[in-house]
Visitor: 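Below you will find the structure I want to go over with you.
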Amino acid sequence: MAGKGAKATSAKATEKEKGKKAPASRSSRTGPQEEPAPKKDVYQLFAEKVRDNKQLESRWAIMQETRVEYFRGKDFTTFIKTHPEVREILGPDKYMEAEDIVNTLLSKNLVIRCDRVWKTVRPGKKKLSSWPAHLEIHQEQVFTENDGFYAWMFLKRRTLWQTILSFVWPIFALAVCLFPVYPYQCKIVVLYSCAGALLFIVSLLLLRAAIFGVLWVLLGKRVWFFPNINAEETTFRELLRFWPEKDEGERPKWTSRLFYATVALLVILLLRHHAPDEAARARYQKKVSNIIDDVLEWSPKLALSGMMDKHAEDNATETDNYTSHAAPPTTEGKTIDAADDVHANETQDSDVDVDAHGSQDRDEHADDMRTRSSEP
C-alpha cells in the first residue's frame, strides 16, 4: 500500500510538472518566430563592388532603346589579375578564373553578353570601333575574352550626390518659374550669368569647329577637342574629356579639302558683304535693350497699379459715354414746356388773324349795302 501511495504521489507530481511546462511549449509554438534576414548573394556584392571600381574601364551604349553600362571581356580579365583583392568577397570561390566568374554572373542574370549592331567597317573607317555606341543581345551567353561586351543588368546604387540632385532639381525649376518676381539686382545677376554661360558655350563650339576645319584642310586630320560635348548619351566625366580620340578614318583627298576650303571662304565673304550696317545694328540693339528693360523692370506692384489705373480709365470712359448720349430730365421738361408755349402762342396768333379778317369782311359788306341803298 505504501508503494502504491508513493507511485500515485510521483505520478501527480509528474502531471503538475507537465502542466507547468505545457503553456510554455504552447506559447513557444504560437509566438512569433524571428527568421534570420536572407543574406545577399556574394556574387551580387561582388558585381556591385566591381562596377563601383573605377579601374575597370566601362562605357555607356544603347541596347534595345535602353541606356546600359558595359565593359569588355579582355578588360575584365586584366582587372581580375591586377586586383585580386576584389575576389575575397567570393569566399570559397575566390580562386576561380575570370571566365568562370563571368559565366556565374551570366547565369545569375547580373550581366548579359552583347554584340555590336554594325559588324562591318563603315565607309571612311579603317576598323571597327573599340567601344560601339549601339549594342544588341548576343545569342550565346558565354564568356569570350576577345571582342566580348558585357552589360550590367542591375540598377546601380544611388549615390549621395544623386540624392541631393533629386531634391535640388524641383527647387531649381520653381526658381526659374518665379524669375519675373525677383528683385531687380537678382534679375541682373541671373541675366548676365545665363548670357555669359551661353556666350561661353557658343564660343567653345565655334573655336572647336574652327580648329577642326583648319587641321582638316591643312593636314587631313580629324581632330575634335571635347569629342563628347555633343553626345546625347554620356556621363558627366566623359562630357568634360578634353583630348580628342584617335583618328581611325582614312585621310581625305586633297581635292575634297581644297573644295571645302573654297566653299568656306566664299560663305565668309558672302556673310561679310551682306552684314548689316551701323544704323541697322543700332536699331536692333535698341529693340533688344527695350525688351530686356521691360523684363527687368516688371514687378507685381507695377502690374497691379497698371491694372487699377486701367480699371479707373474704363469707368471714366463709360461715365462720359452715358452722359453724352442721355439728356438730363430737367432740361427735357423745360424743352417740352417751351414747345407747348410756342404752340399756344402760334394758335393765339392764328385766332387773332382770323378775327381780324372776319371783321374786315363784315365792314366791307356793310359799306356795300349802304351804297346800294343810297342809289335811286
Side-chain angles (χ1 to χ4, degrees), residues 59-62 65 67 116-135 172-173 176 179 187-296:
R59 299 289 176 86
W60 291 86
I62 302 298
E65 299 181 357
R67 188 167 176 261
R116 62 178 78 246
V117 176
W118 292 284
K119 301 175 178 61
T120 58
V121 181
R122 292 186 179 182
K125 298 289 185 179
K126 295 181 180 179
K127 60 180 182 179
L128 294 173
S129 177
S130 302
W131 295 93
H134 297 272
L135 299 173
F172 177 76
V176 171
F179 174 78
K187 289 182 180 179
I188 290 292
V189 172
V190 173
L191 176 64
Y192 283 102
S193 300
C194 295
L198 182 62
L199 180 62
F200 172 76
I201 294 173
V202 173
S203 302
L204 180 62
L205 293 177
L206 292 177
L207 179 63
R208 177 173 174 264
I211 293 175
F212 173 83
V214 172
L215 295 179
W216 187 81
V217 171
L218 297 179
L219 305 177
K221 298 291 185 180
R222 300 176 181 86
V223 179
W224 285 109
F225 293 99
F226 294 102
N228 298 323
I229 196 171
N230 293 326
E232 297 180 357
E233 300 291 341
T234 184
T235 61
F236 185 75
R237 180 170 57 89
E238 295 178 354
L239 184 67
L240 298 179
R241 189 161 63 90
F242 175 75
W243 292 109
E245 297 178 350
K246 186 179 178 181
D247 186 14
E248 299 177 352
E250 296 180 357
R251 186 175 181 179
K253 298 179 181 180
W254 67 271
T255 53
S256 61
R257 288 185 284 161
L258 181 61
F259 172 75
Y260 284 109
T262 305
V263 171
L265 182 61
L266 292 176
V267 170
I268 293 173
L269 293 177
L270 184 64
L271 293 176
R272 183 179 179 182
H273 178 70
H274 292 282
D277 55 0
E278 293 293 336
R281 286 196 293 267
R283 289 195 302 269
Y284 180 75
Q285 183 179 0
K286 184 177 180 181
K287 185 183 295 185
V288 174
S289 179
N290 292 335
I291 295 174
I292 294 175
D293 291 339
D294 292 339
V295 173
L296 293 178

Visitor: Sequence neighbours excluded, which residues qualify as side chain to side chain contact (heavy atoms under 4.5 Å, CB included) partners of Thr262?
Guide: Leu258, Leu266
Visitor: Who pairs with Trp131 by side chain to side chain contact (heavy atoms under 4.5 Å, CB included), at least two apart in sequence or on another chain?
Guide: Glu57, Arg59, Tyr70, Arg72, Asp75
Visitor: Kindly indicate whether the side chain of Pro276, heavy atoms from C-beta on, has any atom under 4.5 Å from the side chain of Arg283.
Guide: no
Visitor: Quick one: closest heavy-atom pair of Ser129 and Arg116, and the distance?
Guide: O-NH1, 2.9 Å
Visitor: Any idea which heavy atoms bring Pro132 and Ala61 closest together, and the distance?
Guide: O-CB, 3.7 Å
Visitor: Can you sort out the partners of Lys119 under side-chain hydrogen bond (donor to acceptor under 3.5 Å, both in side chains), two or more places apart, ordered by chain and number?
Guide: Glu136
Visitor: With sequence neighbours excluded, tell me which residues meet side chain to side chain contact (heavy atoms under 4.5 Å, CB included) with Val190.
Guide: Phe179, Tyr182, Cys194
Visitor: What pairs of residues pass the salt bridge (Lys or Arg N to Asp or Glu O under 4.0 Å) test when at least one of them lies in residues 260-282, not counting sequence neighbours?
Guide: Glu278-Arg281
Visitor: Table please: side-chain donor-acceptor pairs of residues 195-212 below 3.5 Å, with sequence neighbours left out.
Guide:
residue : atom : partner : partner atom : Å
Ser203  : OG   : Leu199  : O            : 2.7
Arg208  : NE   : Phe225  : O            : 2.5
Arg208  : NE   : Phe226  : O            : 3.3
Arg208  : NH2  : Phe226  : O            : 3.4

Visitor: Please list, chain by chain and in numerical order, all residues satisfying side-chain hydrogen bond (donor to acceptor under 3.5 Å, both in side chains) with Arg257, sequence neighbours excluded.
Guide: none
Visitor: When rounded to the nearest 0.5 angstrom, what distance separates NZ in Lys187 from CD1 in Ile292?
Guide: 13.0 Å
Visitor: Sequence neighbours excluded, which residues qualify as ring pair (Phe, Tyr, Trp, His ring centres under 6.0 Å) partners of Phe172?
Guide: Trp169
Visitor: Enumerate the residue pairs fulfilling ring-ring contact (aromatic ring centres under 6.0 Å, His included) with a member in residues 258-294, sequence neighbours excluded, ordered by first and then second residue.
Guide: Trp216-Tyr260
Visitor: For Asp293, which residues count as a side chain to side chain contact (heavy atoms under 4.5 Å, CB included) partner, sequence neighbours excluded?
Guide: Ser289, Glu297
